[in-house]
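The structure appears below as structure tokens.
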Amino acid sequence: MLNVLFSARDGLWGVYEEPLRKAFASRNLSINLQPDFSDPEMVHYIVYGPTGPLQDFTPYSNAKAVLNLWAGVERLVKNPTLNIPLTRMVDTGLQEGMVEYVTAHVLRHHLDTDRQVLNQNGVWDVVIPPLARDRTVAVLGLGALGEACARQLATLNFNVLGWSRRQKEIHGVSCFCGEDGLRDVLSKSDIVVLLLPLTDGTANILNADTLALLPKGAAIVNPGRGALIDDDALLAALGSGHVGAATLDVFRQEPLPAEHPYWHNPKVTVTPHIASETRPETASEIIADNIHRNENGEPMRFLVDRSAGY
Ligand SMILES: NC(=O)c1ccc[n+]([C@@H]2O[C@H](COP(=O)([O-])OP(=O)(O)OC[C@H]3O[C@@H](n4cnc5c(N)ncnc54)[C@H](OP(=O)(O)O)[C@@H]3O)[C@@H](O)[C@H]2O)c1
């Protein structure tokens with residue numbers, strides 16, 4: 001019998017308990033799943049939500065792995081009390097949701113949909129938008145989420161440029177890496193989508209220098225992490241008109257404080273970290289599969305590389 005602790009913010013236990021039990025049962029795993037154990041030393045695996053109460057892993061001295069419910073692990077990789085294997089979430093539901101969010105906001109900027117939606121003022125204002133084939137979209141980060149978005153945008157005929165740490169090959173996407181690659185990509189892109197993890201290598205990747213590389217009027221879509229962008233630099237670029245619009249889903253501080261200038265800037269759309277959510281049914285399958293693998297001596301999937309930070 002394996003003891004599995006479910007530790008996440010209030011409300012999630014009720015959502016995850018049944019799908020997790022079902023996924024464990026379908027693999028014939030004998031599991032005692034609980035939101036609390038009186039003795040932390042009894043715990044073998046921790047299914048984990050970073051915004052829950054558990055921050056000190058020291059008492060869980062017999063735990064074999066932490067299975068994160070989120071794709072982002074920036075809070076966990078710097079936790080000095082966590083020194084057992086850590087997996088991040090790669091979930092088909094999470095991918096589908098992100099593809100829908102990114103496609104919707106890229107199309108909105110591409111077609112300038114706001115022009116019609118927000119201006120029903122009796123003026124027959126004919127402006128024909130370009131075709132997707134004439135629009136260049138950058139996807140920074142070509143992991144589980146970025147690659148899925150880049151592929152979808154390519155099927156819509158956008159000229160898609162992708163950028164990652166290591167060189168990738170993706171059908172229909174021109175792939176770049178390295179600092180020169182980033183400069184190349186940004187200098188050509190009308191719309192930039194950020195799907196990088198937050199690490200020491202990606203913090204403030206959009207700053208005054210890199211924003212200046214963009215063609216005038218470019219749009220930013222950031223469902224990655226807030227600290228990928230230097231906020232003051234973005235606000236200045238929006239103010240000067242160099243950046244035309246931004247759709248921001250993630251912020252340095254969440255919830256975004258009511259007085260933050262992003263809320264009041266007409267060129268900025270704030271969405272409250274809803275770009276995509278882990279889906280309990282599909283995510284529970286991933287977690288059960290990883291415990292099953294580990295118990296059978298097979299490597300777990302989606303292990304976090306602590307040295308790379310993601
Ligand atoms: N807003 C939301 O609702 C929401 C939901 C889920 C996730 N997210 C965010 O989305 C992020 C991406 O998720 P994912 O599952 O796609 O992550 P992932 O699979 O780990 O992919 C990360 C990608 O970023 C690239 N990368 C990392 N460091 C880099 C660097 N220094 N320079 C260039 N490229 C770099 C990686 O390059 P390689 O391919 O070379 O490794 C990889 O392509 C998460 O970390 C999280 O912050 C947001």
Side-chain angles (χ1 to χ4, degrees), residues 50 70-75 77-78 98 101-102 104-106 108-110 136-143 145-146 149-150 153 160-165 176-179 181-276 308-310:
W70 292 13
V73 289
E74 70 278 3
R75 292 171 194 235
V77 285
K78 297 211 162 155
M98 190 58 83
Y101 178 95
V102 166
H105 286 282
V106 166
R108 173 179 164 223
H109 291 303
H110 165 60
T136 300
V137 182
V139 180
L140 307 190
L142 294 172
L145 301 177
C149 293
L153 293 168
V160 183
L161 311 182
W163 186 71
S164 54
R165 194 161 61 95
F176 298 77
C177 66
E179 269 195 39
L182 179 64
R183 300 182 82 80
D184 247 17
V185 166
L186 292 179
S187 63
K188 292 175 187 146
S189 297
D190 304 306
I191 302 173
V192 179
V193 179
L194 288 170
L195 275 168
L196 291 161
L198 179 59
T199 67
D200 294 342
T202 62
N204 290 320
I205 198 139
L206 285 194
N207 53 46
D209 287 346
T210 49
L211 287 168
L213 297 169
L214 293 168
K216 189 171 162 47
I220 312 286
V221 179
N222 184 17
R225 280 293 180 263
L228 296 173
I229 298 181
D230 175 335
D231 295 322
D232 291 339
L234 177 58
L235 285 163
L238 287 160
S240 72
H242 185 69
V243 170
T247 297
L248 308 174
D249 185 56
V250 283
F251 305 90
R252 279 188 163 69
Q253 189 184 342
E254 294 180 8
L256 185 67
E259 65 281 4
H260 196 285
Y262 282 149
W263 283 117
H264 311 292
N265 190 317
K267 294 179 181 170
V268 176
T269 299
V270 170
T271 58
H273 202 145
I274 46 77
S276 191
Y310 67 99

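Each residue takes its place number in the sequence, starting with 1.
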Mind listing the closest non-hydrogen atom pair of [X] and [Y] along with its distance?
| X | Y | result |
| --- | --- | --- |
| Tyr101 | Leu248 | OH-C, 4.4 Å |
| Ile191 | His109 | CD1-CB, 4.0 Å |
| Gly178 | Trp163 | O-NE1, 2.8 Å |
| Asn265 | Leu235 | ND2-CD2, 3.9 Å |
| Leu234 | Ala246 | CD2-CB, 4.2 Å |
| Ser164 | Cys177 | O-CB, 3.1 Å |

Please tabulate, for side-chain N and O atoms in residues 238-245, each donor-acceptor pair with protein atoms closer than 3.5 Å (sequence neighbours left out).
unit_1, atom_1, unit_2, atom_2, d
Ser240, OG, Ala237, O, 3.2
Ser240, OG, His242, N, 3.2
His242, NE2, Leu211, O, 3.1
His242, NE2, Leu214, O, 3.0

To the closest 0.5 Å, what do you measure between [atom1] ([X]) and [atom2] ([Y])?
| X | Y | atom1 | atom2 | value |
| --- | --- | --- | --- | --- |
| Ser189 | Leu161 | OG | CG | 4.5 Å |
| Leu194 | Leu206 | CG | CG | 4.5 Å |
| Asn204 | Leu198 | CG | CG | 9.0 Å |

Would you say Thr202's side chain and Leu228's backbone share a donor-acceptor pair under 3.5 angstrom? no
Donor-acceptor pairs are to be reported for all side-chain atoms of residues 181-188 against protein atoms at under 3.5 Å, with residues two or more places apart or in another chain.
unit_1, atom_1, unit_2, atom_2, d
Ser187, OG, Arg183, O, 3.1
Ser187, OG, Asp184, O, 2.9

Can you name the ring pair (Phe, Tyr, Trp, His ring centres under 6.0 Å) partners of [X], sequence neighbours left out?
| X | result |
| --- | --- |
| Tyr310 | none |
| His110 | Phe158 |
| Tyr262 | His260 |

Are any of the side-chain heavy atoms of Leu195 and Val102 separated by less than 4.5 Å? yes
Pairs where residues 197-215 contributes a residue and the test salt bridge (Lys or Arg N to Asp or Glu O under 4.0 Å) is met, not counting sequence neighbours: Lys78-Asp200
Applied to residues 254-265, the salt bridge (Lys or Arg N to Asp or Glu O under 4.0 Å) test, sequence neighbours excluded, yields none
Pairing residues for [X] by the salt bridge (Lys or Arg N to Asp or Glu O under 4.0 Å) criterion, not counting sequence neighbours:
| X | value |
| --- | --- |
| Lys267 | none |
| Arg165 | none |
| Asp231 | Arg252 |

Here the side chain to side chain donor-acceptor pair (under 3.5 Å) pairs for residues 216-226, sequence neighbours left out, are Glu74-Arg225
Output all residues satisfying side chain to side chain donor-acceptor pair (under 3.5 Å) with Thr269, sequence neighbours left out; order by chain, then residue number. Arg108
